[in-house]
Amino acid sequence: MKAAFFQRPVLEVAPELVGAELYVDGVGGVIVEVEAYHPDDRASHAFGNRRTKRNGAMFLAGGHAYVYRSYGIHWCLNLVCESDEVAAAVLVRALEPRRGLEAMRARRGSMADRLLCAGPGRLCQALGVTGEYDALPLGRPPFELRARQFEPELAVGPRIGLTKAADRPWRFGLAGSPYLSRAFAA
DNA sequence: CAGTGGATGCTCT
DNA sequence: GAGCATCCACTGT
């Protein structure tokens with residue numbers, strides 16, 4: 001997947017990432033859930049295009065990784081979109097494991113396979129993503145991204161775990177997938 | 001099942 | 001010093 005794919009409006013890119021494949025050092029699978037974050041959005045780490053120490057990677061060109069620590073414990077992986085002047089990103093919240101299942105189970109401990117990557121923190125743990133991956137380009141190893149090969153049935157809803165701008169329907173998922181972090185409302 | 005609370009570390013005001 | 005783009009274990013049905 002080329003950087004140009006990401007250098008478009010984030011609300012256009014995010015739904016197209018559902019069904020795409022993401023691998024980190026060969027471990028990963030099919031993305032089934034994402035959320036979009038935009039500069040006009042109080043919930044974004046780069047609200048108002050304000051650069052901070054943490055969010056630097058969001059100001060790179062579309063096609064880079066933005067990895068941050070969540071609740072002091074977990075890592076969360078974003079795919080940076082748009083340009084160096086518009087700090088937007090897509091949070092990868094869940095994927096259906098396809099390759100490297102043994103590595104995922106080893107990193108996460110023995111859990112049901114449907115929970116290996118069901119949530120942004122779990123996903124990073126399973127794929128081995130840490131802060132060292134922040135600001136890396138997505139177009140070459142350790143990352144590998146493949147555009148979706150099918151037209152998925154999309155589910156849309158409000159984003160999860162927010163207090164600010166919690167009403168915006170910027171969560172996109174593969175309808176009915178058992179690998180979601182949470183089901184979408186009917 | 002649903003709901004609650006603790007762990008944990010960094011960013012930002 | 002407050003507040004998290006979370007997860008898990010534990011409680012009580």
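Atoms considered below: every heavy atom in the structure, side chains included; atoms not considered: hydrogens, waters and symmetry mates. A note on names: the letters A, B, ... follow the listed sequences, proteins ahead of strands, and every chain is numbered from 1.
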| query | What heavy-atom pair brings A:A126 and A:C117 nearest, and what distance separates the two atoms? | reply | CB-SG, 3.7 Å

| said: Tell me the interatomic distance from A:M58, atom CE, to B:dC12, atom C1', rounded to whole angstroms. | reply: 16 Å

| field | Atom pair distance, as rounded to whole Å: CZ in A:R182 and C1' in B:dA2 | value | 12 Å

| Contact nearer the 5' end of DNA chain C, comparing A:R122 with A:G161 | A:G161

| query | How does DNA chain C look in dot-bracket form if you count Watson-Crick and G-U pairs under 3.5 Å, write [ ] for pairs that cross, and put | where a base pairs with another strand? | reply | ||||.|||||||.

| query | Which part of the nucleic acid, if any, lies within reach of A:S181 when heavy atoms closer than 4.0 Å are counted: base, sugar-phosphate only, or nothing? | reply | nothing

| Can A:Q125 and A:R107 be counted as having a side-chain donor-acceptor contact under 3.5 angstrom? | no

| field | Interatomic distance, A:K164 NZ vs B:dT11 C1' [rounded to whole Å] | value | 11 Å

| Reckon A:R50 touches a base, only the sugar-phosphate, or nothing at all at heavy-atom distances under 4.0 Å? | sugar-phosphate

| said: Just the rounded figure in Å: distance from C1' of B:dT13 to NZ of A:K53. | reply: 16 Å

| message | Tell me which one of A:N55, A:L79, A:L136 satisfies side-chain contact (heavy atoms from CB on, under 4.5 Å) with A:Y66. | response | A:N55

| field | Euclidean distance, atom OH of residue A:Y71 to atom C1' of B:dG5 [Å, nearest integer] | value | 13 Å

Side-chain donor-acceptor pairs of residues 84-93 of chain A under 3.5 Å, sequence neighbours excluded:
{"unit_1": "A:R93", "atom_1": "NE", "unit_2": "A:E33", "atom_2": "OE2", "d": "2.8"}
{"unit_1": "A:R93", "atom_1": "NH2", "unit_2": "A:S181", "atom_2": "OG", "d": "3.2"}

| request: Identify whether A:Y133 and A:W75 are in the same connected component of the hydrophobic contact network (ILVMFWY, side-chain heavy atoms under 4.5 Å). | output: yes

| Are A:R159 and A:Y37 in a cation-pi contact, defined as NZ or CZ under 6.0 Å from the six-membered ring centre and within 45° of the axis? | yes

| Can you give the first and last nucleotides of DNA chain C, 5' to 3', that have an atom under 4.0 Å from a heavy atom of chain A? | C:dC4 to C:dC8

| field | Atom pair distance, as rounded to whole Å: CZ in A:R51 and C1' in B:dT11 | value | 16 Å

| query | Rounded to whole angstrom units, what separation is found between the OH atom of A:Y68 and the P atom of B:dC12? | reply | 13 Å

| request: Please say whether the positively charged group of A:R8, taken as NZ for Lys or CZ for Arg, lies over the ring of A:F5, i.e. under 6.0 angstrom from the six-membered ring centre and within 45 degrees of the axis. | output: yes

| query | Does a sphere of radius 6.0 Å around CD in A:E153 hold more than 12 heavy atoms from other residues, nucleotides or ligands, not counting ones at 6.0 Å or beyond? | reply | no

| request: Please work out if A:R159 contacts a base, only the sugar-phosphate, or nothing of the nucleic acid, heavy-atom cut-off 4.0 Å. | output: nothing

| field | Separation between CZ of A:R171 and CZ of A:F184, rounded to the nearest 0.5 Å | value | 3.5 Å

